[in-house]
Amino acid sequence: MKISLDAVSKAFDGFRAVNDVSLEVGSGRLVALLGPSGSGKTTILRMVAGLEFPTTGIIRFGEEDATNIPIAKRGVGFVFQHYALFPHMSVADNIAFGMEARKPKRSRDAIGARVAELLRLVQLDGLADRYPSQISGGQRQRVALARALAVEPRVLLLDEPFGALDAAVRRDLRRWLREIHDELGITTLFVTHDQEEALDLADEVVILKDGRIVQSGTPEQVTRQPASAFVMDFLGDTNRFAATVSGGRASLGALQLDAAGVPDGAGTVYARPRDLAWSGLSSRTGVPATVLRVLDRPDSRRIVAQTAAGEPVELDAAADAPVAAGDVGIIELRRWRVFADNPA
Amino acid sequence: MATRSGPRIGERPAVRRSLLAIVLVLAALILVAPLVVIFVQAFSAGFGAFARTIGEPDTLHAAGLTVLTALIAVPVNTAFGIAAAWAVTKFDFPLKRLLIIVIEIPFSVSPIVAGVAYLFVYGLQGLFGDALQSADLKILFALPGIVLASMFVTAPFVARELIPLMQAQGRDLEEAAASLGAGGLRTFLRVTLPNIRWALLYGVVLCNARVMGEFGAVSVVSGNVRGQTNTLPLHIELLYHDYDTAGAFAAATILTVLALVTLVLKVWLERRGAGRRTRRPAAPAAGEVAVPSLPASGLAR
């Protein structure tokens, strides 16, 4: 089921939480709404679910106008950030709840069989009689998903699905959710503030800021061609170097960098730690810098340095790179993006 | 554990013993002695006399009227309390804060003021006096007035227990139920009610105790007609004024026993987690961070 949002806005007490958002989630796709807190991503998800209603704009499920259909009739599966499992019901009763509420009513046996099937799907056979307080966070998350899937929703919506879990569980569940999605082929929209999660899991990432979409595209598109300094910054660690742009070239001290399409004037060169390389003074052109500290990581060394101009820089070097604090050298830029400081 | 440098404040044996002594003596004098006196006096003329006094028609009628009042006022206030708590915690609407304050008015107003106010509204010279008289509706000095006054005094009890609990529980569970296709009634009965039942019962028990014991507001509106509009507390006062001490104390034992039952119920309910202002069953497990998923709805008190 395709979901489309057409010029959707939502205001709370005069505050515009979502501003003129148009978005299409193709049938069977897995799409992430990514943004910092306050960017309106959860509000968008809640409007798609029917937990909030847009101030203006239209939400369609397929060709049907779903804007004002209440949540109980909209046919969505919603997984809440803190799961919202019914604490007084067993895992099996939680999963059965939606099937008991829906009409036409299924027989007790049919519901029982479906519960067992869902428990298998989420790999929780044997936990049917436990209560939510007796199972782990990751298990609760899977029960919440099974409960949402039990009503055979047209679309699946997840609000910060892994937000309350620790890192290892989070990574496993992420893979697992992707597998479930591929198996069921259900159109899925999820909200996250964690860029790694969005990039790992989604077919398409929609990046939001202040209630507006700033960029959307495949993980490859948004990471390789960030549309703005905000996207560049938000998607991961970046180094910034003040520069002057003139005629499509950015001057960084003596260094000239390609900056095609960037308007003349003050600009900033952005580069990821892995897009920089440390080389001795013999090197070709680059930014001169002094090493302040070296942080050793399992697979690399993070060099914390300061440029001659006094800007802090962090870059990654090979695990066996011979660098030590106090070294003076040149930082080469291998990949970079230039953005104007005051975009028109 | 006290360290070598000396006991903590209040742990010096002399201080501890004298504090304990003061508290125990005062508790005995102020709280326990009156209870003992009630039972001693009630049975002072022997058990037969006690049974006779209790069995007196006016006393029986007063007890019946008290129970009847409770049977009407408590369910109405329970329904009101649930509705108010639901409205305040699940919906956003203007003047919500004001509603919360209004609900608590009876706690801060002397019951007798409520009684007098009812006189002004429903009395013969009052706001609706003429209308009520022409419709031949008797509110004051009759059961409706007694029930209304009792309801006013006890309006906040249930709501006050439920609002903090339901606030702590948030709207997630109801939203989850709705997303699974459940209607309002099913959501309330299967999801909301089971999670608030002990707090609800706690509120009902307190409300009932107060309705049965209410004196001030009821004394103004009931008219104190023996055998007709006398509730138990009013009847006790009448007996006492008649110098029928044994009768007064005998009738008082009924209210006292009720109070003791209430107390036991209250302790039992508190053990089940009611009356505590924490989110009980769905407490997040260790390792999880509880973050309210909704913006604070301007309810913090």
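Below, read A as the first sequence line, B as the second, and so on, with proteins coming before strands; counting in each chain starts at 1. The figures here come from the full heavy-atom set of this structure, side chains too, leaving out hydrogens, waters and symmetry mates.
Heavy atoms of A/M89 lying under 4.5 Å from chain B belong exclusively to its side chain. A/F86 touches chain B through backbone and side chain together, each having a heavy atom under 4.5 Å away.
The pair A/R174-A/E196 meets the salt-bridge criterion, since a charged nitrogen lies less than 4.0 angstrom from a carboxylate oxygen. Taking the charged nitrogens against the carboxylate oxygens, B/K96 and B/D92 do have a contact shorter than 4.0 Å, which makes a salt bridge. Between A/R120 and A/E117 there is no salt bridge, since no side-chain N of the basic residue sits under 4.0 Å from a carboxylate O of the acidic one. Classification of A/D200 and A/R171 as a salt-bridged pair fails, no side-chain N sitting under 4.0 Å from a carboxylate O.
With chain B as partner, the option from A/E100, A/E160, A/R74 having the largest number of non-hydrogen pairs under 4.5 angstrom is A/E100. Residue with the most contacts toward chain B among A/A101, A/P70, A/G163: A/A101 (heavy-atom pairs, distance under 4.5 Å).
If you check the side chains of B/T192 and B/E174, you find a donor sitting under 3.5 Å from an acceptor.
Heavy atoms only, all atoms of each residue included: A/T43 and A/K10 are closest at CG2-CG, 3.8 Å.
For residues 145-156 of chain A, a heavy-atom distance under 4.5 Å to chain B picks out A/R147, A/A148, A/V151, given by residue number.
B/E214 contributes a side-chain N or O that, together with a main-chain N or O of B/A217, makes up a donor-acceptor pair within less than 3.5 Å. The backbone N or O of A/S90 sits nowhere less than 3.5 Å from a side-chain atom of A/R130 that would complete a donor-acceptor pair.
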